[in-house]
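None of these values were measured; they are calculated from a predicted model. In this chain, numbering begins with 1 at the start of the sequence shown.
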Amino acid sequence: MSFMRGDFLSRTRKLVKGLAKAQPAWLKAMEQAPPAKFPRSAGKIPTITLPEDVYVKKFYKKYPESKSHDAIKYFPLFHLECLSI
């Protein structure tokens with residue numbers, strides 16, 4: 001199935017050229033301004049490390065119970081009952 005290879009634009013072009021499909025109204029516009037092509041990753045994506053990760057690890061080592069707490073849940077500004085409008 002050679003018509004299934006390639007991106008969306010090239011597949012549609014092949015189907016129209018082979019008379020398997022009528023030419024869609026958007027084909028000319030898409031040929032003039034084709035969609036952007038993004039590069040594929042060549043393998044494993046590296047993990048992102050930030051300078052403050054060392055301090056976060058030390059904090060969780062010292063206070064392991066804080067991992068299970070949700071910071072937004074315990075912050076009183078986000079509770080509706082605390083808002084007085």
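- Taken from CG in L15 to CD in Q23, the straight-line distance is 12.5 Å, to the nearest 0.5 Å.
- Separation of atoms OH (Y55) and CG (L50) is listed at 13.0 Å; rounding is to 0.5 Å.
- The structure places CD of E31 at 9.0 Å from CH2 of W26, a figure rounded to the nearest 0.5 Å.
- When the side-chain contact (heavy atoms from CB on, under 4.5 Å) test is applied to L19, no partner is found at least two apart in sequence or on another chain.
- In plain terms, the two heavy atoms of K37 and D7 that are nearest each other are CE-OD2, 3.9 Å.
- Summarising the geometry, atom OG1 belonging to T12 is positioned 14.5 Å from atom NZ belonging to K17; distances are rounded to the nearest 0.5 Å.
- Within a 6.0 Å sphere centred on CD1 of I45, heavy atoms belonging to other residues, nucleotides or ligands number 12 at most.
- Of all heavy-atom pairs between I48 and D53, the closest is O-OD2, 4.3 Å.
- Every residue two or more places apart in sequence or in another chain that forms a ring-ring contact (aromatic ring centres under 6.0 Å, His included) with Y63 is listed here: F59.
- Between P24 and V16, the closest heavy-atom pair is CD-CG2, 3.9 Å.
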